[in-house]
Amino acid sequence: MNGKAAAPGAETSGDGYLPAHGNGGYRVRHYDLDLDYRIGPNRLSATAVLTCEATQALSRLTLDFGEFRVSRVLVEGKPAKYVRRGLKLQVKPARSVPSGTVFEVEIRYAGNPKPVGTRWGDIGWDELTDGALVASQPVGAPSWFPCNDHPADKASYRLSVATSSPYLVAATGNLVSRYQSASTAKWVFERPEPTSTYLMSVQIGRYEDLELSEGAWVPEIVVDRPGGVVQRAAVPPRLRRAFERDFGRQGRMMDALEEWFGPYPFGEYVVVVTDDDLDDPIEAQGMAIFGANHVDGKRTHERLVVHELAHQWFGNSLTVADWQHIWLNEGFATYTEWLWSPLAGGESTEALARAWHARMRAKPADVTIGDPGVARMFDERVYKRGGLTLHALRGEMGDPAFFALVKAWAVENRHAAVTTGEFVALAEAYAGRSLRGFFSAWLERVELPSL
């Protein structure tokens with residue numbers, strides 16, 4: 001135990017914005033989740049096995065977990081004591097876990113999954129009119145599985161979902177098998193890349209399974225596409241024709257983003273369109289979820305299509321080390337919209353940047369996007385000023401150095417947790433000079449700098 005007595009792991013993450021989510025004393029290396037979901041009664045029965053590594057000598061560890069009935073907890077195969085305290089599950093192993101030890105925690109549970117109530121509304125596992133979805137950003141993961149719910153604690157996953165066979169299941173991971181009986185189908189997915197808890201997702205509905213193959217959506221599943229990224233979709237049959245037009249340029253988007261940001265960071269990209277309306281699209285690891293209201297056959301919401309695709313690099317592969325740095329997610333996704341626009345026959349990147357600069361200048365100057373505060377994490381100004389920061393940086397550095405920087409940022413930090421300070425340091429390396437004054441003006445002050 002490195003000479004230190006075992007002690008309980010912290011019940012907070014240390015995150016400056018959302019400290020109640022996430023815990024200390026251990027990291028999760030792998031989640032193995034077996035889910036059995038009954039759609040009508042919204043009933044989930046599940047077993048979760050977490051492979052963890054102790055970062056201290058542990059007499060007790062705490063997990064973030066929703067309001068389920070827990071029937072069994074094992075640590076290294078031996079029964080462990082446990083107690084619930086709000087959205088925390090405290091687990092006391094029969095014997096303390098030495099620091100540096102890799103150990104397994106198994107939890108069997110059941111109940112009616114429901115979203116976690118937050119300042120942004122209900123987040124997590126939610127019922128659709130006919131099916132279910134998961135939208136976990138930023139703290140909804142405990143609504144369906146026990147976890148260490150902090151973005152920096154990234155792990156691999158195996159996820160199996162059994163449900164009624166007429167329903168399609170799309171989950172964040174590569175589909176490795178599907179078993180079907182008369183009334184039930186079991187879908188098994190693997191997510192080998194390090195993944196944050198909030199980016200894991202399950203989507204269940206009466207969807208058609210489509211694949212983007214050679215520029216056209218066809219109803220086939222192609223397991224191996226050596227010529228490019230596997231791109232699939234789960235779409236209500238009534239929306240298929242409109243979807244084909246609205247997402248028809250996604251293949252070109254993928255090519256453009258790979259040119260700007262380096263290789264797509266996952267094994268596949270799956271788009272889900274629910275049969276219900278959604279306020280906003282939802283990002284997940286290797287997946288994006290749109291509402292029926294985002295599909296009209298007129299490409300009205302094409303900027304959202306490229307925005308969510310950009311999150312696969314910025315937000316999903318590169319995940320913020322804590323929520324203070326959220327401009328790195330949303331600023332890059334917003335700027336990607338502006339980069340894509342002229343390729344799709346729309347306004348130039350420069351015109352969009354100047355238009356949004358004028359709109360942001362008309363708003364109150366009371367947000368520093370480098371540290372906006374928890375109440376303003378998802379403020380429009382974090383998104384748009386984030387995009388403007390990148391456009392201004394491009395002007396400061398010049399195109400060759402700027403695009404070399406953003407590709408290096410995405411490639412060198414693939415599947416890592418990142419901070420603003422790391423981005424600033426890399427930008428200065430590519431600029432060959434200090435950019436302290438530039439980033440201080442754009443990220444640390446409330447006044448909007450000129451372009």
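Numbers here are sequence positions counted from 1.
- Within a 6.0 Å sphere centred on CD of E67, other residues, nucleotides and ligands contribute 12 heavy atoms or fewer.
- In this model, no donor atom of one side chain and acceptor atom of the other lie less than 3.5 Å apart for H325 and T419.
- With contacts defined as side-chain heavy-atom distances shorter than 4.5 Å, the pair P372/Y17 qualifies.
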Go through the steps for R232 and L210 under the test side-chain contact (heavy atoms from CB on, under 4.5 Å), then give the verdict. CA-CA 6 Å; R232 292 176 40 233; L210 311 175; over 6 Å; no
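- Formation of a donor-acceptor pair under 3.5 Å by the T101 side chain with backbone atoms of P98 is found in this model.
- Classified by interplanar angle (parallel below 30°, tilted 30° to 60°, perpendicular above 60°), the ring pair W356/W338 is parallel.
- Taking the centre of each ring, F314 and F261 come in below the 6.0 Å mark.
- By the 4.5 Å heavy-atom criterion applied to side chains, T368 and E444 are not counted as neighbours.
- Here E53 does not pair with R27 in a salt bridge; the nearest charged N to carboxylate O distance is not below 4.0 Å.
- Closest heavy-atom contact between T349 and R394: CG2-NH1, 4.0 Å.
- In summary, R191 and E268 engage in a salt bridge, as defined by a charged side-chain N under 4.0 Å from a carboxylate O.
- Every residue two or more places apart in sequence or in another chain was checked for a salt bridge (Lys or Arg N to Asp or Glu O under 4.0 Å) with K186, and none qualifies.
- Between the side chain of Q312 and the backbone N or O of M287 there is at least one donor-acceptor pair closer than 3.5 Å.
- Aromatic rings of F266 and Y269 (six-membered ring for Trp) have centroids beyond the 6.0 Å cut-off, not under it.
- Proximity of L343 to W340: side-chain heavy atoms (C-beta onward) are separated by under 4.5 Å at one or more points.
- Looking at heavy atoms from C-beta onward, S59 lies in side-chain contact with S96 at the 4.5 angstrom threshold.
- With D126 as the fixed residue, the side-chain contact (heavy atoms from CB on, under 4.5 Å) test singles out one of L278, L133, D276: L133.
- Tested against Y335 for a side chain to side chain donor-acceptor pair (under 3.5 Å), the candidates K384, H391, E330 yield a single pass: H391.
- Under the side chain to side chain donor-acceptor pair (under 3.5 Å) rule, S156 has a single partner from E190, E193, R29, H30, which is H30.
- A donor-acceptor pair under 3.5 Å is absent between the side-chain atoms of R84 and the main chain of V70, judged by distance alone.
- A donor-acceptor contact under 3.5 angstrom links the side chains of T195 and Q285, judged on distance only.
- For the residue pair D15/H150, the side-chain donor-acceptor check at 3.5 Å is satisfied.
- Heavy atoms only, all atoms of each residue included: D149 and P142 are closest at OD2-CD, 3.3 Å.
- Remark: aromatic rings of F332 and W313 are distant, center separation not under 6.0 Å.
- Contact between E396 and L435 at its shortest, heavy atoms only, is CG-CD2, 4.0 Å.
- If you take CG on N329 and CG on L318, they are separated by 8.5 Å, rounding to the nearest 0.5 Å.
- Defined by atom type and a distance below 3.5 Å, a donor-acceptor pair is missing between the side-chain atoms of N42 and K114.
- A donor-acceptor pair is defined here as one N or O able to donate and one able to accept, closer than 3.5 Å; no such pair exists between the side chain of R414 and the backbone of S317.
- Contact check on R158 versus D32 returns a salt bridge, with a Lys/Arg side-chain nitrogen under 4.0 Å from an Asp/Glu carboxylate oxygen.
- Below 30°, between 30° and 60°, or above 60°: for W187 and F189 the angle between ring planes is below 30°, a parallel geometry.
- Side chains of S201 and Q203: a donor on one and an acceptor on the other come within 3.5 Å.
- Expressed to the nearest 0.5 Å, how far CG of D64 lies from CG of L89 amounts to 10.0 Å.
- The local environment of CG in D279 is sparse, with at most 12 non-hydrogen atoms from other residues, nucleotides or ligands closer than 6.0 Å.
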Given side-chain contact (heavy atoms from CB on, under 4.5 Å), test R299 with F247 step by step and report yes or no. CA-CA 8 Å; R299 292 181 175 155; F247 288 75; over 6 Å; no
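- With rounding to the nearest 0.5 Å, the separation of CD in E106 from NZ in K78 is 15.0 Å.
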Could you walk me through whether R206 and D130 pass salt bridge (charged side-chain N to carboxylate O under 4.0 Å, His left out), step by step? CA-CA 8 Å; R206 295 181 188 268; D130 189 17; 2.6 Å; yes
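- Side-chain contact, D36 with S45: no donor N or O sits under 3.5 Å from an acceptor N or O.
- Contact record, Y264 with L309: CE1-CD1, 4.3 Å, taken as the closest heavy-atom pair.
- Note on ring orientation: taking the six-membered ring where Trp is involved, the planes of H307 and Y383 are parallel (angle under 30°, cut-offs 30° and 60°).
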Going through the checks in order, is the side-chain contact (heavy atoms from CB on, under 4.5 Å) test met by V306 and L257? CA-CA 9 Å; V306 75; L257 270 60; 4.0 Å; yes
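- Considering T319, L199, V28 as possible partners of K154, the one that fulfils the side-chain contact (heavy atoms from CB on, under 4.5 Å) test is T319.
- Less than 6.0 angstrom separates the ring centroid of W125 from the ring centroid of Y37.
- At a cut-off of 3.5 Å, with distance as the only test, a side-chain donor of D34 or S160 sits close to an acceptor on the other residue.
- Between T184 and S165, the closest side-chain pair of non-hydrogen atoms is not below 4.5 Å.
- Taking CH2 of W327 as the reference point, atom CD1 of I369 lies at 6.0 Å (rounded to 0.5 Å).
- The backbone N or O of N23 sits nowhere less than 3.5 Å from a side-chain atom of T62 that would complete a donor-acceptor pair.
- The aromatic rings of F290 and H294 sit perpendicular, their planes meeting at an angle over 60°, well past the 30° parallel limit.
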Give the intermediate values and the outcome of side-chain contact (heavy atoms from CB on, under 4.5 Å) for residues L58 and Y26. CA-CA 8 Å; L58 277 174; Y26 68 97; 4.0 Å; yes
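- The closest side-chain donor-acceptor pair between E11 and Q90 falls under 3.5 angstrom.
- Counting only distance, with no hydrogens or angles, the side chain of S143 and the backbone of G140 share a donor-acceptor pair below 3.5 Å.
- Taking the six-membered ring where the residue is Trp, the centroids of W323 and Y198 are separated by under 6.0 Å.
- Although no hydrogens or angles enter the test, the distance criterion places a donor-acceptor pair under 3.5 Å between the side chain of T118 and the main chain of G121.
- Legend: ring-ring contact (aromatic ring centres under 6.0 Å, His included) pairs involving residues 154-178, not counting sequence neighbours, sorted by first then second residue: Y31-Y157.
- In K407, the NZ atom is crowded: over 12 heavy atoms of neighbouring residues, nucleotides or ligands sit closer than 6.0 Å.
- Closest approach of L35 and A46 over heavy atoms only: CD2-CB, 3.6 Å.
- In summary, the side chains of Q250 and Q231 do present a donor paired with an acceptor at a separation below 3.5 Å, with no hydrogens or angles considered.
- Remark: R178 CZ is packed, more than 12 non-hydrogen atoms of other residues, nucleotides or ligands lying under 6.0 Å away.
- Between N316 and A284, the shortest heavy-atom contact is ND2-O, 2.8 Å.
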